[in-house]
Amino acid sequence: MTDDTAEPDRIEQREVRLAKRRRLLEQGGEAYPVGVPVTTTIASLRERFADLEPDTATGERAAVAGRIVHLRNTGKLCFAALQAGEGPLSAMAGGPHRIQAMVSLDAVGQQSLAEFKALVDLGDQLFVAGEVITSRRGELSIRVDEWRIAAKALLPLPNLHAELSEETRVRSRYLDLIARPAARDMVRTRAVAVASLRSTFAERGYLELETPMLQVQHGGASARPFVTHSNAFDTDLYLRIAPELFLKRAVVGGLERVYEINRNFRNEGADSTHSPEFAMLESYEAYTDYRGIAELEQALVQQAAIAVGGSTTVTWTDGTEFELGGEWDRISMYPSLSEAAGVEITPETPMGDLVALAERLEIEVAHPIRGKYVEELWEHFVKGRLERPTFVMDFPVDTSPLVRDHRSIPGVVEKWDLYVRGFELATGYSELTDPVIQRQRFVEQALLAANGDPDAMRLDEEFLRALEFGMPPTGGLGMGIDRLLMALTGEGIRETILFPLVK
RNA sequence: GGGCCUCUAGCUCAGUCGGUAGAGCAAGGGACUUUUAAUCCCUGGGUCGUGGGUUCGAGCCCCACGGGGCCCA
């Protein structure tokens with residue numbers, strides 16, 4: 001909306017509710033009071049009175065507030081189901097965050113009952129106080145002797161008995177959160193998972209850092225950046241595509257165990273596994289290597305699974321049980337590719353052979369780099385076969401410019417990718433610490449950039465200078481937080497992000 | 001970037017051969033003191049994504065643009 005004074009379109013139901021708001025004010029009431037005197041929460045009442053017999057009076061008074069999600073009037077008795085946003089995880093979804101309010105002629109008198117019927121709508125935030133009872137049908141209820149509107153809803157709630165359309169769910173997530181317990185669960189699951197990551201790091205003596213999001217030079221990954229402009233410095237700045245080069249500077253400075261959980265931005269397409277803005281974990285640990293980091297990654301994910309669902313066996317939303325427990329498989333990229341393709345492929349396999357094979361399979365490779373061909377072929381032959389969580393070890397050199405050469409296998413670097421649920425969940429390196437080789441790798445990247453690869457890395461002189469002061473042997477880890485949630489819940493990336501980007 | 005599907009009431013959707021715009025929930029009026037998507041009677045609510053075109057006549061056919069989804073690259 002460009003016109004600040006523009007009113008929403010005239011909606012019949014909104015007009016009706018605005019009239020009720022006016023009537024409420026004319027009677028000296030408030031449509032949006034500064035507060036309501038609640039004494040407890042719906043969830044705790046549910047917990048305390050879980051097993052009451054039908055038609056029981058507890059003799060105990062309670063005052064709660066919540067959104068009206070069902071409203072039924074039967075003349076001299078009204079029923080309103082109040083829903084609170086809080087509540088435990090999905091194991092108990094569907095009930096514990098709701099309680100029924102019963103507004104009867106006996107308890108509130110004729111005038112109050114009439115006002116309730118005239119002024120209260122489905123969707124309003126309602127405060128009620130009264131005795132905790134169960135109805136004849138056994139529903140935990142409050143026999144209301146005092147009620148107040150806590151916030152008047154001007155717009156009608158969507159139909160809670162039909163699925164919201166994909167677009168409404170993402171565009172109006174607040175409605176999705178009201179309507180769908182699974183949407184609320186996702187928010188909590190995510191918070192629990194991230195808290196678990198932090199506590200696993202804390203147990204291992206890691207420090208959480210915050211490195212620049214606005215960078216003079218982007219680096220640390222192969223991706224197209226978002227560009228913005230600083231007026232004060234009169235210079236273009238990049239939203240970071242990765243924090244890697246700054247976290248490594250921290251390791252040079254003697255911070256030997258560091259991690260960061262924060263947003264990265266990549267100016268690329270969005271689909272079910274990619275978002276232009278995504279939360280990323282990166283960690284670095286001095287005096288370990290990619291094998292030690294694989295052990296760390298496994299612990300991080302398994303601890304998160306336990307924190308979220310109490311077990312390393314996770315249950316996805318489609319009901320699938322997925323095993324994240326135990327020691328994860330480790331396979332090697334070249335041997336696994338050779339076996340699946342039925343042809344021996346090694347780091348020495350000539351470019352011509354790789355191109356011929358790719359063409360025969362109609363695999364298009366964007367840039368003519370040997371490593372890219374190997375990775376594309378590997379994805380074609382092997383990726384889809386992985387069912388259990390699997391570390392894929394030892395990648396080609398020319399696609400991994402920040403990783404050190406393998407200690408014993410020529411042409412390969414000490415890097416793994418972790419595949420879970422068919423997508424790449426995390427990556428781990430024995431970090432390249434040799435400033436001379438690192439400079440060469442950057443120069444090779446610059447050549448690719450000159451040849452039109454927009455994802456190629458740029459040479460970062462300041463980072464190289466830091467390396468020249470000596471960076472200890474280090475293992476590093478990167479994991480997408482959104483993807484971790486996808487692995488734990490079986491949902492698509494848009495469901496793991498509370499407010500995904502929509503045009 | 002390419003292909004396919006989709007946009008109709010607040011929400012979710014139907015709409016026949018191109019001929020007066022439909023349902024459920026929600027809303028308004030009425031009845032009802034134990035309802036669980038309460039029930040019963042009555043009523044209101046539409047710029048059919050936007051802009052063109054074809055036609056006597058377009059929600060429907062054609063073109064362009066925009067939003068959303070799925071598949072491929």
Side-chain angles (χ1 to χ4, degrees), chain A residues 8-21 23 52-57 67-83 94-95 98-110 112-114 116-124 130-131 133-145 152-180 224 267-274 358-359 361-367 372 376 379-380 454 492-495 500-503:
Chain A
D9 292 340
R10 231 191 80 93
I11 297 166
E12 181 195 26
Q13 295 190 41
R14 186 167 176 273
E15 301 295 323
V16 169
R17 285 158 183 250
L18 278 169
K20 292 182 181 180
R21 174 184 177 274
R23 231 183 304 159
L52 277 190
E53 293 294 309
D55 212 7
T56 306
R67 187 178 300 279
I68 301 174
V69 289
H70 294 292
L71 187 61
R72 290 177 284 273
N73 292 344
T74 60
K76 300 187 179 65
L77 178 62
C78 301
F79 301 90
L82 301 188
Q83 173 173 292
R98 289 188 183 175
I99 199 165
Q100 178 168 266
M102 293 168 66
V103 183
S104 70
L105 179 64
D106 295 350
V108 300
Q110 194 156 10
S112 175
L113 181 70
F116 184 88
K117 289 199 215 176
L119 298 175
V120 174
D121 284 305
L122 190 60
D124 289 352
E131 186 183 2
I133 61 167
T134 49
S135 73
R136 280 177 206 168
R137 298 291 183 86
E139 188 73 44
L140 186 65
S141 309
I142 289 179
R143 190 170 177 275
V144 175
D145 54 50
K152 183 73 198 155
L154 297 181
L155 288 170
L157 228 40
N159 178 4
L160 296 178
H161 311 296
E163 298 257 301
L164 286 176
S165 66
E166 177 73 19
E167 190 168 357
T168 307
R169 280 172 45 191
V170 172
R171 247 180 227 288
S172 306
R173 183 69 87 187
Y174 45 91
L175 294 178
D176 192 29
L177 291 167
I178 292 167
R180 209 164 47 94
R224 255 167 276 194
N267 205 344
E268 293 163 357
D271 62 29
S272 60
T273 54
H274 295 82
E359 278 176 359
L361 297 163
E362 292 178 351
I363 298 170
E364 284 183 37
V365 181
H367 298 286
K372 285 214 172 157
E376 294 283 348
E379 285 189 17
H380 177 264
I493 197 166
R494 281 188 141 208
E495 296 305 320
L501 183 68
V502 274
K503 266 215 266 185

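No experiment lies behind these values; they were computed from the predicted model shown.
- Salt bridge absent: A/D106 and A/K76 never bring a charged side-chain N and a carboxylate O closer than 4.0 Å.
- Between the CG atom of A/L160 and the P atom of B/G10 there is a distance of 17 Å, given to the nearest Å.
- Mapping A/T168 and A/L501 onto RNA chain B by nearest heavy atom places A/T168 closer to the 5' end of the strand.
- Base-pair partner of B/A27: B/U43 (Watson-Crick or G-U wobble, both distances under 3.5 Å).
- Rounded to whole Å, atom C1' of B/G28 lies 18 Å from atom CZ of A/R14.
- For the C1' atoms, the distance linking B/U39 with B/U16 amounts to 34 Å, nearest Å.
- For the P atoms, the distance from B/G22 to B/G44 is 12 Å, rounded to whole Å.
- Heavy-atom neighbours of A/E166 CD from other residues, nucleotides or ligands within 6.0 Å: above the threshold of 12.
- RNA chain B is contacted by both A/S165 and A/A118; A/S165 maps to the nucleotide lying nearer its 5′ end (nearest heavy atom per residue).
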For a side chain to side chain contact (heavy atoms under 4.5 Å, CB included) check, start with the C-alpha distance between A/I68 and A/L82, then their side-chain angles and the critical distance, and finish with the verdict. CA-CA 5 Å; A/I68 301 174; A/L82 301 188; 3.7 Å; yes

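- Remark: the separation of the P atoms in B/C48 and B/C5 is 23 Å, to the nearest Å.
- In this entry B/U33 has no Watson-Crick or G-U wobble partner, no candidate having both defining distances under 3.5 Å.
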For a side chain to side chain contact (heavy atoms under 4.5 Å, CB included) check, start with the C-alpha distance between A/Q110 and A/L105, then their side-chain angles and the critical distance, and finish with the verdict. CA-CA 6 Å; A/Q110 194 156 10; A/L105 179 64; 4.0 Å; yes

Under 3.5 Å between N/O atoms: give me all the protein pairs with nucleotides 1-3 of chain B, atom names plus distance.
none

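- Contact annotation: A/R494 side-chain N/O to B/G69 OP1/OP2 distance is under 4.0 Å.
- When every heavy atom of A/A179 is checked against every heavy atom of A/L160, the shortest pair comes out as CB-CD2, 3.7 Å.
- Residues A/R169 and A/R494 are not in side-chain contact: their nearest non-hydrogen atoms beyond the backbone lie 4.5 Å or more apart.
- Here the NZ-CG distance, from A/K117 to A/N73, works out to 6.0 Å after rounding to the nearest 0.5 Å.
- Atom NE2 of A/H380 is separated from atom C1' of B/A73 by 14 Å (rounded to the nearest Å).
- For B/G66, the paired base is B/C7 (Watson-Crick or G-U wobble, both distances below 3.5 Å).
- Protein atom CD of A/E163 is 16 Å distant from nucleotide atom P of B/G69, rounded to whole Å.
- A 3.5 Å limit on both hydrogen-bonding distances identifies B/G53 as the Watson-Crick or G-U partner of B/C61.
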Please enumerate all protein N or O atoms sitting under 3.5 Å from an N or O of nucleotides 39-46 of chain B, with distances to 0.1 Å.
from, atom 1, to, atom 2, distance (Å)
B/G44, N2, A/E12, OE1, 2.2
B/G44, N2, A/E12, OE2, 3.0
B/G44, N3, A/E12, OE2, 3.0

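- Here the OG1 atom belonging to A/T134 is positioned 9.5 Å from the CE atom belonging to A/M102, to the nearest 0.5 angstrom.
- As judged by a 4.0 angstrom heavy-atom cut-off over every strand, A/L105 is placed among the base-contacting residues.
- Around CZ of A/R17, the count of heavy atoms belonging to other residues, nucleotides or ligands within 6.0 Å exceeds 12.
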Where do N or O atoms of nucleotides 34-37 of chain B meet protein N or O atoms at under 3.5 Å, pair by pair?
from, atom 1, to, atom 2, distance (Å)
B/U34, O2, A/R136, N, 3.0
B/U35, OP2, A/R137, NE, 2.3
B/U35, OP2, A/R137, NH1, 3.1
B/U35, OP2, A/R137, NH2, 2.1
B/U35, O2', A/R72, NE, 3.0
B/U35, O2, A/R72, NE, 2.9
B/U35, O2, A/R72, NH2, 3.1
B/U35, O2, A/Q100, OE1, 3.4
B/U35, N3, A/Q100, OE1, 2.9
B/U35, N3, A/Q100, NE2, 3.2
B/U35, O4, A/Q100, NE2, 2.9
B/U35, O4, A/S135, OG, 2.6
B/U36, O2, A/E139, OE1, 3.3
B/A37, O4', A/H161, ND1, 3.2
B/A37, O4', A/H161, NE2, 3.0

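- A/P158 has its side chain out of reach of A/T168: every pair of non-hydrogen atoms, C-beta onward, lies at least 4.5 Å apart.
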Are A/E139 and A/R98 close enough, and set up right, to give a side chain to side chain contact (heavy atoms under 4.5 Å, CB included), and what steps lead you there? CA-CA 10 Å; A/E139 188 73 44; A/R98 289 188 183 175; over 6 Å; no

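- Separating the P atom of B/C25 from that of B/C63 is a span of 39 Å, rounded to the nearest Å.
- The shortest side-chain heavy-atom distance between A/L122 and A/P156 does not fall under the 4.5 Å cut-off.
- Atoms CZ (A/R169) and P (B/G68) sit 15 Å apart, rounded to a whole Å.
- Remark: of the listed residues A/R14, A/R21, A/R67, A/K152, A/K152 is the sole one forming a salt bridge (charged side-chain N to carboxylate O under 4.0 Å, His left out) with A/D121.
- We find that CD1 of A/I178 is positioned 14 Å from P of B/U12, with the value rounded to whole Å.
- Using P as the reference atom, B/G59 and B/G18 are 13 Å apart when rounded to the nearest Å.
- Distance CG (A/L164) to P (B/G24): 20 Å, rounded to an integer number of Å.
- Among the atoms of the strands shown, none is found under 4.0 Å from any heavy atom of A/K117.
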